[in-house]
Amino acid sequence: MSDQPIVIKDPDYSRDNEVRPFQIEGENFRGRVVRLGTAVDEILKNHNYSDAVARILGEFLVLTSLLGSMMKFKGIVTIQVKSSGALPMLVADYENSGIDGEPGHLRGYAQVDEKILGQYGKNPSYAGLVGSKKGYMALTIDQGDEMERYQGIVDLKGETLSEVARNYFLSSEQTPTEIKLSCDKDPVSGFWRAGGIMLQHLARGEEGQERLLERAETANQDKETWERATIFTNSVKEQELQDPSLTSDALLYRLFHEDGVRVFDASHVAFQCRCSRDKLYNTLKGFSAEDLVESTVDGKITVNCQFCSSDYVFDPEEFSTP
Ligand SMILES: [Zn+2]
């Protein structure tokens with residue numbers, strides 16, 4: 001990590017919690033850079049995770065921000081990983097409220113199997129936490145009742161979350177993608193920071209244009225340019241993705257100034273949970289009398305939101321039918 005002071009609150013000039021879309025000049029290569037400061041720190045600190053677990057969830061939140069910010073309309077993008085490792089489930093979602101100027105709402109949590117986690121010692125590897133033997137990653141886009149729900153699912157192939165994401169784009173959307181995710185705790189301040197970069201080779205807009213993977217010899221030039229761009233993208237160090245003193249624009253310039261890079265308006269991300277007393281009340285209202293009795297401890301029903309760790313306390317009387 002750098003010696004620069006860590007941004008704790010987000011002052012006006014802060015470029016944290018920002019997703020910056022970009023395009024390589026003259027190519028159909030588009031990407032985004034994301035940098036998370038307080039947004040990721042708040043989410044991770046709401047839970048009592050070990051550093052290794054927090055790091056994975058942090059990367060997952062970066063991925064969710066990259067994908068969520070691509071949605072142009074009101075809606076919710078949810079990403080879920082189910083695994084046979086010490087983290088049976090990772091969930092994060094990104095809500096575009098559809099209100100102009102409002103940041104995207106990000107939240108997420110990891111389900112931890114303490115028993116399995118205990119087998120891996122203090123510093124469990126990705127393979128121990130998530131692994132690649134069994135499981136899947138699912139992405140759901142929900143744009144409300146009138147729109148169709150979209151869901152894509154891929155196997156958990158890869159030795160890092162970045163690899164799983166790359167594989168997702170290749171197999172589920174046939175889009176060659178380079179992606180790097182990173183999250184770590186600043187050893188001095190104890191604040192979590194995270195960042196990521198994604199570069200995609202989009203199919204040409206015109207009809208009949210083949211995608212990169214299916215192109216014939218004549219497309220070698222394009223293939224070379226794409227390979228070079230992925231090598232540059234891959235050369236980004238984790239520290240650069242988290243460094244608060246290096247803006248996304250400066251990072252992009254450093255990587256792609258030879259080809260030329262064009263940036264577009266940034267979108268912003270903030271931690272916000274969608275849980276509410278009303279929503280949980282309605283859920284409990286659907287419980288049978290037996291289930292309600294079972295959920296009652298010391299005369300109260302306490303419901304914990306897994307996303308933000310808030311506790312909601314209800315009196316069982318609230319649900320008794322007259
Ligand atoms: Zn909540």
Side-chain angles (χ1 to χ4, degrees), residues 1-20 32-69 79 87 90-95 102-112 117 122-126 129-130 160-162 179-198 236-252 254 266-273 305-310:
M1 298 294 286
S2 79
D3 296 322
Q4 296 292 324
I6 298 294
V7 179
I8 296 168
K9 292 278 172 234
D10 303 317
D12 290 343
Y13 56 82
S14 166
R15 303 294 291 273
D16 272 344
N17 305 324
E18 183 186 274
V19 187
R20 177 66 107 177
R32 6 197 90 214
V33 176
V34 61
R35 192 177 301 273
L36 301 178
T38 48
V40 73
D41 188 66
E42 277 180 68
I43 296 173
L44 297 179
K45 284 187 178 159
N46 275 336
H47 302 272
N48 207 8
Y49 300 131
S50 65
D51 285 0
V53 173
R55 218 169 273 133
I56 294 269
L57 181 60
E59 288 186 10
F60 196 60
L61 291 162
V62 169
L63 177 64
T64 309
S65 309
L66 284 169
L67 303 188
S69 63
I79 311 182
L87 305 180
L90 291 165
V91 188
D93 63 30
Y94 179 107
E95 181 192 33
E102 176 89 4
H105 302 152
L106 181 68
R107 60 177 194 167
Y109 72 89
Q111 220 175 59
V112 183
L117 189 64
K122 261 199 140 174
N123 248 322
S125 64
Y126 173 83
L129 292 171
V130 180
T160 60
L161 268 189
S162 306
I179 193 160
K180 249 190 137 161
L181 311 167
S182 155
C183 174
D184 216 340
K185 185 160 72 174
D186 182 78
V188 181
S189 67
F191 277 85
W192 287 94
R193 298 190 56 79
I197 185 167
M198 174 169 90
V236 182
K237 296 187 179 68
E238 297 219 358
Q239 186 187 322
E240 290 178 300
L241 290 172
Q242 297 164 22
D243 186 349
S245 65
L246 179 69
T247 64
S248 301
D249 293 358
L251 177 67
L252 287 170
R254 195 179 278 183
S267 47
H268 299 269
V269 186
F271 159 60
Q272 192 169 313
C273 195
C305 172
Q306 285 176 294
F307 280 100
C308 68
S309 297
S310 298

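FYI, the numbering just counts along the sequence from 1.
- Put simply, CD1 on Ile197 and NZ on Lys180 are 9.5 Å apart, with the number rounded to the nearest 0.5 Å.
- Closest approach of Gly58 to Ala194, counting heavy atoms only: O-CB, 4.4 Å.
- Here CG of Leu67 is found 9.0 Å from CZ of Arg32. Values are rounded to the nearest 0.5 Å.
- No side-chain N or O of Asp16 forms a donor-acceptor pair with one of Thr38 less than 3.5 Å apart.
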(request) Decide side-chain contact (heavy atoms from CB on, under 4.5 Å) for Arg35 and Ser248; before the verdict, give the C-alpha distance in whole Å, the side-chain angles of both, and the deciding distance to 0.1 Å. (result) CA-CA 8 Å; Arg35 192 177 301 273; Ser248 301; 4.0 Å; yes
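- Remark: His47 NE2 to Cys308 SG distance equals 7.5 Å, nearest 0.5 Å.
- From Leu106, atom CG reaches atom CZ of Phe271 across 9.0 Å, with rounding to the nearest 0.5 Å.
- Of all the heavy atoms in Ala54 and Tyr49, the pair that sits closest is N-CB, 4.0 Å.
- A donor-acceptor contact closer than 3.5 angstrom is absent between the side chains of Asp249 and Thr247.
- Of all the heavy atoms in Ile79 and Leu63, the pair that sits closest is CD1-CG, 4.1 Å.
- Side-chain contact, Glu18 with Ser267: no donor N or O sits under 3.5 Å from an acceptor N or O.
- Going from atom OG of Ser69 over to atom CZ of Arg20 covers 12.5 Å, rounded to the nearest 0.5 Å.
- Between Arg254 and Glu240, at least one side-chain N (NZ, or NE/NH1/NH2) sits under 4.0 Å from a carboxylate O, which counts as a salt bridge.
- Taking all atoms of both residues into account, the shortest heavy-atom contact from Val34 to Ser65 is CG2-CB, 4.0 Å.
- Proximity of Cys273 to Ser310: side-chain heavy atoms (C-beta onward) are nowhere separated by under 4.5 Å.
- Scanning both residues, Leu117 and Ser50, for their nearest heavy atoms gives CD2-OG, 4.5 Å.
- Contact annotation: the side chain of Glu59 never approaches that of Ser182 to less than 4.5 Å [non-hydrogen atoms, C-beta and beyond].
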(request) Decide yes or no on side-chain contact (heavy atoms from CB on, under 4.5 Å) for Asn17 and His268, but give the supporting numbers first. (result) CA-CA 6 Å; Asn17 305 324; His268 299 269; 5.8 Å; no
(request) Show your reasoning for whether side-chain contact (heavy atoms from CB on, under 4.5 Å) applies to Asn123 and Asp51. (result) CA-CA 8 Å; Asn123 248 322; Asp51 285 0; over 6 Å; no
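- Of all non-hydrogen atoms in Val269 and Tyr94, the two that sit nearest each other are CG2-CE1, 4.2 Å.
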(message) Would Asp93 and Arg107 count as a side-chain contact (heavy atoms from CB on, under 4.5 Å) here? Give the steps.
(response) CA-CA 6 Å; Asp93 63 30; Arg107 60 177 194 167; 3.1 Å; yes
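- Taken from CG in Leu36 to CD1 in Ile43, the straight-line distance is 8.0 Å, to the nearest 0.5 Å.
- Each of Lys237, Arg193, Arg55 was evaluated against Asp184; a single residue qualifies, Arg55, per the salt bridge (charged side-chain N to carboxylate O under 4.0 Å, His left out) test.
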